[in-house]
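Below is one structure, written out as structure tokens; comments come after it.
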Amino acid sequence: MEVLIPIITMGALSFLFSFGLVFAYKKLKVEEDPKIEEVSEMLPQANCGACGYSGCRAFAEAVVRGDAAANGCPVGGEEVANKVAEALGIKAGEVIKKVVRVLCRGTQDAAKNRGVYLGISTCYASHLIGGNKQCSYGCLSYGDCVRVCPFDALYMGEAGLPVVMEEKCTACGKCVDACPRNLLELHPISQEIFVFCHSLDRGPTARKVCKNACIACGICVRACPEAIVLENNLAKILDYKKIDPETIPDIEKCPTGAIGRLRKDDEG
Amino acid sequence: MKTITFPHGIHPPVYKEPTAEKRIETMAPPEKVFIPLHQHFGAPAEPLVKKGDEVYLGQIIGEAKALFSASVHASVSGKVLAVDGYNHPLGKPLLSVSIANDGQDRLFPDLQETKDAFSLSPDEIRQKVKEAGIVGLGGAAFPTTVKLSPPKGKTIDTIIINGCECEPILTSDYRLMLEYPEDILKGTELVRIATGAKRIIVGIEDNKKKAFGLLQEKIQDYTGEIVLLKTKYPQGAEKNLIYAALRREVPRGGLPFDVGVVVQNVGTVKAIWDAVSKGKPLYERALTVSGNGIKEPKNLLVRIGTTFQNVVDFCGGFEESVNILVMGGPMMGLSQWTSDVPVIKGTSGILAWTAPDPSIEYTCIRCGRCIDNCPMRLVPTQLMKYVRFDHLSEAENWGIQDCVECGCCQYTCPANIPLVHWIRLGKNQIMSSRRRKSA
């Protein structure tokens, strides 16, 4: 008989609480636009923050409010932009697929070390004391960008430079912020020619510290003066669209390989 | 005799024997000096000379434009070779003036002596200190003019002269106290006039009894008292010294001004006396060259801009197996990439070692030794974890910005975790993200 007492008390209690729950559901309901839920479900749910909002949910709210564009999610790309636009009945806008590029070719063989670095293995810490490489602009090879990538799109290559896996990269830009030397940049996937150097040192110094550094010789500028200029001892592509594909072989005559097409080892 | 101190802290071996009894030798100026324009806390000085100019010894070559800045002076007479980037003890190349020494040490004619320095007004003293480019010589190189100008509404009642030299190995402050006690006490008097303080306290650790005895004798002619402090690291850190001497606690994020105190290093007050009475700008400083990688350890008076290599050559050169070169003390000093870096105003020592490879780092076993020893009462192990796993805002809530980077936590860590490295990294990341937000 004793077993009945708890059964009855618990039953009575649950009956009581269920009234509370029903009351809360009916009376304390917050009205929300069902579209937010709908849009939110279309998003990749990476919560990476690349759109500039604090997460996918916040971005969905912004799109529904009209504060953000349908193509604002770089991770989702064209597919998600179209879906979101369709659901909300707005225009998707043009989506250019971007990927991150590592614009340094200071591999272990090319860029000389300054000494034995005994500090903690992060690029930022090494950069604070001037960096473990003789080049004060190049990659430090401790992989802050690799650690920060939420999509595992980067890995540290054998040559001591991070390698981007294009198909995994969503252009969220976290690695761009993580690099203390600002060597990573987002570029449209179709772009082929890059300046793989950030060194502002004068030619002889740059050459001494890294075999692959831009020495500002000007060969690329002569090949394509409309689009490439020299600025602070460094070649700079002003407008990629203006580069005539026929001049590319001339641009690639760069004696150090600091400017040119992506190589296989850059892409992984 | 009764000694006073602060809570927490550590007792590392002091190793001061090799240089403690050696007089400060004057090192002959080298053939070339490289004088960085950024040698202090704050904004770099702006160059006043260009390539090819002839400069005198003590001539101003870099002007302090910002409030937190200090002027820079030529440390030899001769011709300016270049105004360009050069290796710097901070690790990055920074704008420096290189001068070829003509060997004549022609003194800048504008430098004037003051006969009766004690009759100057506070503003005149501050002006002379500013012109001489004096910064704190204990190591942090904080511009002294700022310390001598208390902000409105804050009164200074006490001056503490820091003769602790709690860093192991270094002995240059100890030698200054033994060799120039009069200058130190006169400089202190000038600081007292400039700040309007009533009380002077000179703090000396109890392993420097000789200096304590000597200053005790000399101070009879001046106002002030000398206190004996327990030998403990970091006794010489400003906030700990204030607590030890006065039992006053500097508030979080505050300066000694907030508790009515100004702390000056013994080297700094000597430099203030030289600047005000003799008109001598800060173009040379005393430092200790020591460590098991130096053939003849010495205390030296060195011109600013002399490279470490020149200084070490003067001390018989490096032992062959040297692998670590440090500017400053062994606890807080900065490791150097190369010996081709100049001595700057903040160089309190040059130390070289043959050290074994660093020991392996283990995981934290939460023993709490770092917490027991932290003089700022922080939780280093937790701060390290927050920085390591990118929770900077949490680290800020746990007071990471209050860390003085003394290194007590790392020294006692049984797991060899580089706690200070992580904390410094976190502090820098927080500062740079703040700058980015405000920009």
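Each chain gets a letter, A, B and so on, in the order the sequences are listed, and its residues count up from 1.
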Counting heavy-atom pairs under 4.5 Å with chain B, which one of A:Gly119, A:Gly131, A:Pro180, A:Ser136 comes out on top?
A:Gly131

Taking only Lys NZ, Arg NE, NH1 and NH2, and the carboxylate oxygens of Asp or Glu, determine whether A:Glu37 and A:Arg57 approach each other closer than 4.0 Å.
yes

Check the pair A:Glu185 / A:Lys98 against salt bridge (Lys or Arg N to Asp or Glu O under 4.0 Å), numbers first and verdict last.
CA-CA 10 Å; A:Glu185 286 173 18; A:Lys98 283 185 171 181; over 6 Å; no

Top contributor to chain B interface from A:Leu118, A:Ile129, A:Asp177, A:Thr122 [non-hydrogen pairs under 4.5 Å]
A:Ile129

Measure the shortest side-chain to side-chain distance between B:His38 and B:Lys92 over non-hydrogen atoms and say whether it is less than 4.5 angstrom.
no

For chain B, the option from A:Ile120, A:Val148, A:Asn132 that forms the most heavy-atom pairs under 4.5 Å:
A:Ile120

Examine whether an atom of B:Glu361 lies under 4.5 Å from a heavy atom of chain A, and if so say whether it belongs to the side chain, the backbone or both; otherwise answer neither.
neither

Taking all non-hydrogen atoms of both residues into account, name the closest pair between A:Val221 and A:Leu230 and its distance.
CG2-CG, 3.8 Å

